[in-house]
2 protein chains.
Amino acid sequence: MNGSDLELRDLRYFVAVAEELNFKRAAERLGITQPPLSRAIQTLERRLGVALLIRTTRRAELTDAGRTLLRESRHVLDAAEAAVRRTTRAAQTAGELVVAVKPGGHAGLLKDIVAAYEAVPGAVPVRMALGGWGEQSAMLRAGHADVALVRDLFDTRGLDHEVVVAEPRLAVLRRDHPLAGADVLTRRQLLHLPVPYWPGASPRLARYRAALDLLPGAEEAPRGPRAADLVQLLEIVAMGECVAFLSASTAGQYPHADLVHVPVVDISPSVVSVAWPQEARSRAVAEFVAAALRVAARETGRGEARGDTTRGDAHGDTPPGDAPW
Amino acid sequence: MNGSDLELRDLRYFVAVAEELNFKRAAERLGITQPPLSRAIQTLERRLGVALLIRTTRRAELTDAGRTLLRESRHVLDAAEAAVRRTTRAAQTAGELVVAVKPGGHAGLLKDIVAAYEAVPGAVPVRMALGGWGEQSAMLRAGHADVALVRDLFDTRGLDHEVVVAEPRLAVLRRDHPLAGADVLTRRQLLHLPVPYWPGASPRLARYRAALDLLPGAEEAPRGPRAADLVQLLEIVAMGECVAFLSASTAGQYPHADLVHVPVVDISPSVVSVAWPQEARSRAVAEFVAAALRVAARETGRGEARGDTTRGDAHGDTPPGDAPW
DNA sequence: CTCACTTACGTGACGCGTAAGAATC
DNA sequence: GATTCTTACGCGTCACGTAAGTGAG
């Protein structure tokens, strides 16, 4: 089987069954009856020459091959949906550049970057697409946006990116906290403090991004409460025995009488990147990325942003997806 | 249209038409007659609500949306083929790890890496898949291999990777060349010399990878002849007014009486990476990558490989596709 | 016995092929 | 007028639904 008679229907059916592990419920979800679904999966297995599920009449279970196909099928189906979306968008919004951003997550660079891009000859109109934490990369993958400005890009699957700025990450502590008086702190000193996390992220992820999980002994570290947004996160820190980690620019945007910011010497910087789908080949995206890197170089050049913002390697004329020169 | 009635058949048909720009030839290629193909494309356009081609009865031309769909369709179809291949391979070769390598392209690390991986408890048998220049990444994307050891990974689309070693890249010159006596060279001094290229690569790419194209004035630079393999490349340099660029380890493997190696101070290093499909989540792949980074750390640690090989940032316990800490 | 999956069978829709029509060079 | 794409029409296949069968709890 060379895959030339495989159809998306087969994959949609298989995903439903693999997720439900139950043919009846899967069939309901697909809006068909069980028998055709059974037959479809059987045919698929026969064509692939592979057992995908071990079925007892009572319950179904995925084989290794089945788990592989589930993961791959989701990828293919996502790619197909993105294909449709990008195609329709290419026709409807020809000559428009959609930029996915999170409000306030861009170290104040967005305005300058957009201005720099719009100054380029032949620039197309820019439209902003706002989204919550972590939604920007999903918007790129799904074909809802052409390019994104994101802080701390985490899952780069399917995306290319360039670092725009790396800012120091500060520990945010209650003013009367024992550690609040220090000039600088180390990760180790903060290891015992809970870190609040945010919707869509796990406590593990919050600590991981704060680089605390990478330290030995982090297993016994406490997990923090959940914060709905940034203001709430600051309130949580202001109330109790928590620490939060914010980029210098974000911390500066939200001053709070009860809180102090202390640099952490050995923590990873907070990185703002431009990102775009790996298969993107449009002139507008390339020029927006170039504009972002120019702005970043300019900002760094004039010693801006509290003096220790560092620029990403702005090899402006290398094509996307390139070796790191 | 949410894409839920799109099928791979539609994409296969569209790709054929978009590539041939001729319904008759496309139909022949697909093994059907023209009328169904015309209807299929029409239906597709109607469902997407988008014009994909502007047809005169004499010739067809792609619209912007059509170009987008062509690119996206290839991606979806490749993903579907890879899905089939990975699924069948998961069943047939359960518990086997296929490593794609180019003979001699790995700075001599392959044996150590494989040994380090096989020493891990629970390691599965390793199989080597040899391929020519640049084929390794294609093998990963197509699902023929699980992991690859590649030099100068260029197109990272769909792949994650970690740098194993970065070696200095040397200029290879004929012994009696005027520049051959220098202790070190700069890219600028070599700009006027042609660079031979290899099958599957363009002269542009050869120069680009030598970082010569990044210099101002590179447009007027001469293009070199084509070399079928490494030995032939060295012969070309030994014969004429050419320069080639090799990593220190590769150059050391192929000594040649008429050639000398001169370090180039401002050239990019030659980078050996481990790469794997971004969606890979298998334990074997993760452990192979970890083993590679351990070996790299060990090699660097004992000051091996001519003393200036540098290790990639081996953050061994971060998950794939992570922020660059 | 019940419930879930499979096998059997009839029907309808969809896609293919042949044939005829329209438009460009 | 030749060539290429489109429209028209008949047919076969394939996937669906209903109904009956099988096996595990």
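Note that the structure is a prediction, hence the values are computed from the model and not measured. Hydrogens, waters and symmetry mates play no part in the numbers below; they use all other heavy atoms, side chains included. Here is the naming used below: chain letters follow the sequence lines, and residue numbers restart at 1 for every chain.
Other residues, nucleotides and ligands contribute over 12 non-hydrogen atoms within 6.0 Å of the CZ atom of B/Arg25. Environment of CZ in B/Arg39: sparse, with no more than 12 heavy atoms of neighbouring residues, nucleotides or ligands closer than 6.0 Å.
A donor-acceptor pair is defined here as one N or O able to donate and one able to accept, closer than 3.5 Å; no such pair exists between the side chain of A/Glu279 and the backbone of B/Glu72. With B/Arg281 contributing its side chain and B/Gln278 its backbone, the two residues share a donor-acceptor pair below 3.5 Å. Here the side chain of A/Gln136 pairs no donor or acceptor atom with the backbone of A/Ala100 at under 3.5 angstrom.
For B/Glu7 and C/dC14, the CD to P distance is 13 Å, given to the nearest whole Å. Rounded to whole Å, atom P of C/dT7 lies 14 Å from atom CD of A/Gln34. What separates CD of B/Glu61 from P of D/dC5 is a distance of 14 Å, to the nearest Å. When rounded to the nearest whole Å, the span between CD1 of A/Ile41 and C1' of C/dT7 equals 17 Å. Spacing between atom CZ of B/Arg55 and atom P of C/dC25 amounts to 16 Å, rounded to whole angstrom units. Remark: C1' of C/dA4 and CD of A/Gln42 are 14 Å apart, rounded to the nearest angstrom.
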Atom pairs, protein N/O to nucleotides 20-25 of chain D N/O, distance under 3.5 Å:
from: D/dA24; atom 1: O4'; to: A/Thr57; atom 2: OG1; distance (Å): 2.8

Base versus backbone protein contacts along nucleotides 10-16 of chain D [heavy-atom cut-off under 4.0 Å; B, S, -]: ------S
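Considering only heavy atoms from C-beta on, B/Leu44 comes within 4.5 Å of B/Leu69 through its side chain.
The salt bridge (charged side-chain N to carboxylate O under 4.0 Å, His left out) pairs that include a residue from residues 137-148 of chain B are B/Arg89-B/Asp146, B/Arg141-B/Asp155, where partners are two or more places apart or lie in different chains.
DNA chain C is contacted by A/Asn22, A/Phe23, A/Lys24 of residues 16-27 of chain A, taking any non-hydrogen atom closer than 4.0 Å.
Contact detail for B/Val124 and B/Ala284: the closest heavy-atom pair is CG2-CB, 4.0 Å.
Applying the ring pair (Phe, Tyr, Trp, His ring centres under 6.0 Å) rule to B/Tyr13 yields no partners; only residues at least two apart in sequence or on another chain are considered. A search for salt bridge (Lys or Arg N to Asp or Glu O under 4.0 Å) contacts involving A/Arg29 returns A/Glu19, A/Glu20, not counting sequence neighbours.
With values rounded to the nearest 0.5 angstrom, A/Ser282 atom OG is found 11.0 Å from A/Arg86 atom CZ.
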